[in-house]
Amino acid sequence: MDKLAIQGGIALSGEVTISGAKNAALPILCAALLSAEPLKFSNLPHLNDISTLLRLLGQMGVGVTLEGSDGLVLDGGGLNNPLAPYDLVKTMRASILVLGPLLARCGEARVSLPGGCAIGARPVDQHIKGLQAMGAEITVEQGYIHAKANRLQGARICTDMVTVTGTENLMMAACLAEGETVIENAAREPEVVDLANCLVSMGARISGAGTDVIRIQGVERLHGAEHAIMPDRIETGTYLCAAAATGGEVRLLRTSAAYLDSVVDKLMDAGCDIRLERDAINLKAPPRLKSVSLRTAPYPAFPTDMQAQFMAINCVAEGVATIRETIFENRFMHASELQRLGADIQIEGNNAVVRGVARLEGATVMATDLRASASLVIAGLAAQGETIIDRIYHLDRGYERIEEKLARLGAQVRRVH
Ligand code: EPZ
């Protein structure tokens, strides 16, 4: 397994370009299942999760043609195998996003249950409940979701909790249903809006994306379109935190703070000087950060995907911070690894109390999930001495060429095979 070796204590400086958003690209690629005509994408990030999904779509009969450095054409015309097998779904739980489109386009689907992951059980009951409300017959046998529907019917659906991929799955299914579907308690994440924009460019009739009530008027078919994936706001926030933790000064290109208000506000509270441009963000860190407390919640509140990164910067800040995780039941696994670097963290249920220390000392640590890995990278960059991070396949799922981008910012980091 690959490792990352980081020589910490260097203030990051310089410019780096942000890639397309993983969590927008995943549902948007699944939207290709809804049309018999080609979809052309740009600003696609090169990530393991994306490659896994393209393998899955290819197995279903979708034509996959890479174009240039970040382009892709998907042709759903050849779709002939509505099956998402366990061996692929188990490595990439967002594969559940093929369920709604397959049901809407083919009238049937067999999708492996994603199963849990490190950060929680992550059930998909809301996806199933919503599709059943639209008339799908769904059974779960031998670890697979078996779904059938002659033609989905529009319905009024209110999910029990805000679910990002649940909202996305139901919105995609509703595009080809008979009549109107109303999704209440819908997720408001920017990635949901990016997906809606792509679907509308394919001829879908959607209003309210970005609010908690989304209305979809079903149509007979969707046509081809072109779509540029939005910038990755979590990758953006991660590099901002890396610069903040190392006392650096960076400029992030091809991104926007438009979807990061809660994160930018917290970084300003921590003492960072942030200057926003139309498609760039500038951050200058103070000599020492101030501790910032936070509570994760659905968008537009502070994103759970930035919680681990903020725990890392609080480890080296001045003061005491309380971090409350309200979305996932087990998303503090980075804490015990950060403690190996000398961090002072007390976990009490879904609360973490972080007392800033003057400095962290490099050590060998282990990545446990995607954002926990990012947290360890940030701490390793801030620590004195060398940090070795093991199991960085977690990182490769969600961060494109991370060691190249960090090296461009002056970090001393290398991948050890
Ligand atoms: C999406 O996951 C993101 N992944 C996650 O990012 C992100 O952390 C999460 O939304 C929350 O913002 C993608 O978009 C591919 P949820 P998702 O359904 O959709 C419970 C990353 O690091 N729930 O919004 O799976 C669930 O257990 C990843 O990039 C049910 O109980 O999250 C959780 O507690 C990690 N039943 C809460 O709702 C359901 O049917 C929110 O989950 C669905 C969800």
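Note that ligands are numbered from 1 as they come in the structure, with each ligand's atoms numbered from 1 the same way. What's counted below: heavy atoms across the whole structure, side chains too, no hydrogens, waters or symmetry copies.
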Could you give the N/O to N/O pairs under 3.5 Å linking ligand 1 and the protein, each with its distance?
residue, atom, partner, partner atom, Å
ligand 1, 2 (O), R122, NH2, 3.3
ligand 1, 6 (O), N23, ND2, 3.3
ligand 1, 6 (O), D305, OD2, 2.9
ligand 1, 8 (O), D305, OD1, 2.6
ligand 1, 8 (O), D305, OD2, 3.4
ligand 1, 8 (O), R331, NH1, 3.4
ligand 1, 18 (O), T163, OG1, 2.7
ligand 1, 19 (O), T165, N, 2.9
ligand 1, 19 (O), T165, OG1, 2.6
ligand 1, 22 (O), R331, NH2, 3.4
ligand 1, 22 (O), R371, NE, 2.9
ligand 1, 24 (O), V164, N, 2.8
ligand 1, 25 (O), R122, NH2, 3.0
ligand 1, 29 (O), K22, NZ, 2.9
ligand 1, 29 (O), N23, ND2, 3.0
ligand 1, 29 (O), R371, NH2, 2.9
ligand 1, 34 (O), I327, O, 2.6
ligand 1, 36 (N), P123, O, 3.3
ligand 1, 36 (N), D125, OD1, 2.8
ligand 1, 40 (O), P123, O, 3.3
ligand 1, 40 (O), D125, N, 3.1
ligand 1, 40 (O), D125, OD1, 3.3
ligand 1, 40 (O), Q126, N, 2.7

By salt bridge (Lys or Arg N to Asp or Glu O under 4.0 Å) - contacts of [X] (at least two apart):
{"X": "R371", "value": "none"}
{"X": "D160", "value": "K129"}
{"X": "E191", "value": "R233"}

Whether the T304 and R331 side chains hold a donor-acceptor pair (N or O, under 3.5 Å, no angle test) is what I'd like checked.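 On atom types as modelled, these side chains qualify, holding a pair under 3.5 Å.
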*Side chains of T296 and E325: donor-acceptor distance under 3.5 Å anywhere?*
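Yes, side-chain donor-acceptor contact under 3.5 Å.
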**Q.** Y259/Y299 aromatic ring centres below 6.0 Å
**A.**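 Not close enough - the centres of the two rings lie 6.0 Å or further apart.
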